[in-house]
Protein chains: 2
Amino acid sequence: MTDATKSTHVLQHQMESFEESCRAADLKLTHQRLEIYRELAKATDHPSAETLHKRLHQSMPTLSLDTVYRTLTTFEQHHLIKKVETVDSQAHYEAQMQQHHHLICDTCKEIMDFQWSSFDAVSVPEDILQWGAIKNKSITIYGTCRKCQALKEKKKLE
Amino acid sequence: MTDATKSTHVLQHQMESFEESCRAADLKLTHQRLEIYRELAKATDHPSAETLHKRLHQSMPTLSLDTVYRTLTTFEQHHLIKKVETVDSQAHYEAQMQQHHHLICDTCKEIMDFQWSSFDAVSVPEDILQWGAIKNKSITIYGTCRKCQALKEKKKLE
DNA sequence: TTGCAATTAAGAACAGTTCCTATTTACCTT
DNA sequence: AAGGTAAATAGGAACTGTTCTTAATTGCAA
């Protein structure tokens, strides 16, 4: 993922399948829901409810923060989006529902998506199968991103 | 890990190295700190501050919840314990600092530790190395544990 | 043992999220 | 196209989890 935002035609397609899922789930297609979903779908940075609210405020000045929270919760309950696991006190969300993993920078806290299909293909160790019914496995990689590494180097030299 | 609690001798050893780390970090060895650490170290369920406070309340009735929060934050800053990534609104902690992974039950939300040394040994895909300096990678497996599976089966038959 | 900086208890304050209620909206029926 | 109705929304109040403030207490160095 080199671009900060998705191509419009990929987003278009994602919006269409979202609308279909809403109809299937008996969720009314309100302006707020469509815009909140679109804003999350085009983001690559796993935003919080507050961040989404700020971004949408320009185009929708009367949108309430509560609506953003309520809408995200509704979407999550219908498996249209996911809550991202973090140690942060704010909840973060993503519209990416395909199998993927996360890179987290310990400095700027930015979360990036990545693929690792050979890992996805392996089955879990024998003894874990004893634990119960496995549904999904995902990796989180921690480290310092290039940007933050560069900043640290710069500070050292000062 | 078959037992719900650790053997006393393993815990003893962990307490000793904890005390050593505190002295090295210039952290005073107060009764509260020792007991909070001991309670977390002997737990296998990744408790929240509130849960730890409840467990300690019997033996330490005047221990304040704030002290539990403050102490856990101090320990975390000194890398003596870790905050666990969850989608929960409460923060969860663990004293286990060796490389390990998590199993999370989607029903009872219980978090279990597990090892996967062959995964630990492999290096990450080439393109991720471009991202920055990798420090650690860990897996979270989601599913339904045996206990909850059994409960669901029981409900179906009713 | 004494002195002092660090730590603590208790409750106030704060941040993030959810609830309450009156109003508005989507969309089904005709 | 217009009306009816259940669902959704805005705004603010309430709630939950966490952190801060202050005065009292405690660990530990001298």
Side-chain angles (χ1 to χ4, degrees), chain A residues 15 18-40 46-78 80-81 83-93 109, chain B residues 18-37 39-40 46-78 80-81 83-93 109:
Chain A
M15 286 309 299
F18 166 74
E19 289 179 32
E20 205 176 292
S21 303
C22 282
R23 276 188 287 266
D26 265 316
L27 292 178
K28 289 188 178 170
L29 287 166
T30 65
H31 180 55
Q32 289 87 338
R33 283 180 175 167
L34 286 164
E35 291 312 307
I36 291 168
Y37 184 83
R38 191 196 313 278
E39 196 66 40
L40 181 61
H46 311 76
S48 65
E50 202 188 342
T51 302
L52 284 172
H53 182 247
K54 271 183 196 150
R55 288 182 191 167
L56 288 162
H57 193 260
Q58 282 198 349
S59 50
M60 303 173 76
T62 67
L63 178 71
S64 78
L65 179 57
D66 177 51
T67 297
V68 179
Y69 274 109
R70 193 168 11 77
T71 304
L72 291 172
T73 304
T74 305
F75 290 170
E76 206 212 346
Q77 284 165 348
H78 288 86
L80 299 168
I81 66 170
K83 221 181 220 180
V84 180
E85 294 200 338
T86 63
V87 294
D88 198 356
S89 56
Q90 278 191 314
H92 292 259
Y93 294 89
K109 314 295 175 196
Chain B
F18 166 73
E19 289 178 32
E20 204 176 291
S21 303
C22 281
R23 276 189 286 267
D26 264 317
L27 292 178
K28 289 188 178 171
L29 287 166
T30 65
H31 179 54
Q32 290 88 339
R33 282 181 176 165
L34 286 164
E35 291 312 306
I36 290 167
Y37 184 84
E39 197 65 41
L40 181 62
H46 310 76
S48 65
E50 201 187 345
T51 302
L52 284 172
H53 182 246
K54 272 184 195 149
R55 286 180 193 168
L56 289 162
H57 193 261
Q58 282 198 347
S59 50
M60 303 173 75
T62 67
L63 178 72
S64 78
L65 179 57
D66 177 51
T67 297
V68 178
Y69 273 110
R70 192 165 14 74
T71 303
L72 291 172
T73 304
T74 304
F75 290 170
E76 205 212 346
Q77 284 165 346
H78 288 86
L80 300 167
I81 67 170
K83 220 181 221 180
V84 180
E85 295 200 338
T86 63
V87 293
D88 197 357
S89 56
Q90 279 191 314
H92 292 260
Y93 294 89
K109 314 295 175 195

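Each chain gets a letter, A, B and so on, in the order its sequence line appears, and its residues count up from 1.
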Quiz item: Between atom CD in B:E35 and atom P in D:dT26, what is the gap in whole Å?
Solution: 16 Å
Quiz item: Any side-chain N or O of A:T67 under 4.0 Å from OP1/OP2 of D:dA10?
Solution: yes
Exercise. Rounded to the nearest angstrom, tell me the gap between atom CG in A:D26 and atom C1' in D:dA8.
Key: 14 Å
Quiz item: Nearest heavy-atom pair of B:S48 and B:H92: which atoms, and what distance?
Solution: N-ND1, 3.9 Å
Quiz item: Looking across every strand, which nucleic acid part, if any, lies under 4.0 Å from B:A49 by heavy atom: base, sugar-phosphate, or nothing?
Solution: nothing
Quiz item: If each of B:T71 and A:S48 is mapped to the nucleotide of DNA chain C with the nearest heavy atom, which maps nearer the 5' terminus, i.e. the 5' end?
Solution: B:T71
Quiz item: Taking all non-hydrogen atoms of both residues, which atom of B:E39 and which atom of B:L56 are closest, and how far apart?
Solution: OE1-CD2, 3.5 Å
Quiz item: How many Å lie between NZ on B:K83 and P on D:dG17, as a whole number?
Solution: 14 Å
Self-check item: With sequence neighbours excluded, residues passing side-chain contact (heavy atoms from CB on, under 4.5 Å) with A:R70
Solution: A:D66, A:T67
Practice problem: Only counting residues at least two apart or in another chain, list the ones meeting salt bridge (charged side-chain N to carboxylate O under 4.0 Å, His left out) with A:K54. | Solution: A:E50
Quiz item: What integer distance in Å separates A:L34:CG from D:dA7:C1'?
Solution: 15 Å
Practice problem: Nearest whole angstrom, please: distance from the P of D:dG17 to the CG of B:L72. | Solution: 15 Å
Quiz item: Between atom NE2 in A:H53 and atom P in C:dT18, what is the gap in whole Å?
Solution: 15 Å
Quiz item: Can you check the B:E50 CD to D:dT16 C1' distance for me, whole Å?
Solution: 9 Å
Quiz prompt | Contact state string [nucleotides 24-30 of chain C, B base, S sugar-phosphate only, - no protein heavy atom under 4.0 Å] | solution = --BS---
Quiz item: Which part of the nucleic acid does B:R70 contact within heavy-atom distance under 4.0 Å: base, sugar-phosphate only, or nothing?
Solution: base
Quiz item: Roughly, in whole Å, what's the span from CD in A:Q90 to P in D:dT19?
Solution: 13 Å
Quiz item: What residues, two or more places apart in sequence or in another chain, satisfy salt bridge (charged side-chain N to carboxylate O under 4.0 Å, His left out) together with A:R38?
Solution: A:E35
Quiz item: Which heavy atom in B:V68 sits nearest to a heavy atom in B:A49, and how many Å separate them?
Solution: CG1-O, 3.5 Å
Self-check item: Nucleotide nearest A:T73 when distance is taken to its side chain, options C:dT18, C:dT7, D:dT9
Solution: C:dT18
Exercise. Return the orientation label for the B:Y37 and B:F75 ring planes: parallel under 30°, perpendicular over 60°, tilted otherwise.
Key: perpendicular
Self-check item: Strand contacts (DNA chain C) in residues 56-66 of chain B, 4.0 angstrom heavy-atom criterion
Solution: B:T62, B:L63, B:S64, B:D66
Exercise. For A:K109, check side-chain contact (heavy atoms from CB on, under 4.5 Å) against everything at least two apart and list the hits.
Key: none
Quiz item: Checking side chain to side chain contact (heavy atoms under 4.5 Å, CB included) against A:H46, which of A:T51, A:V84, A:T86 comes through?
Solution: A:V84
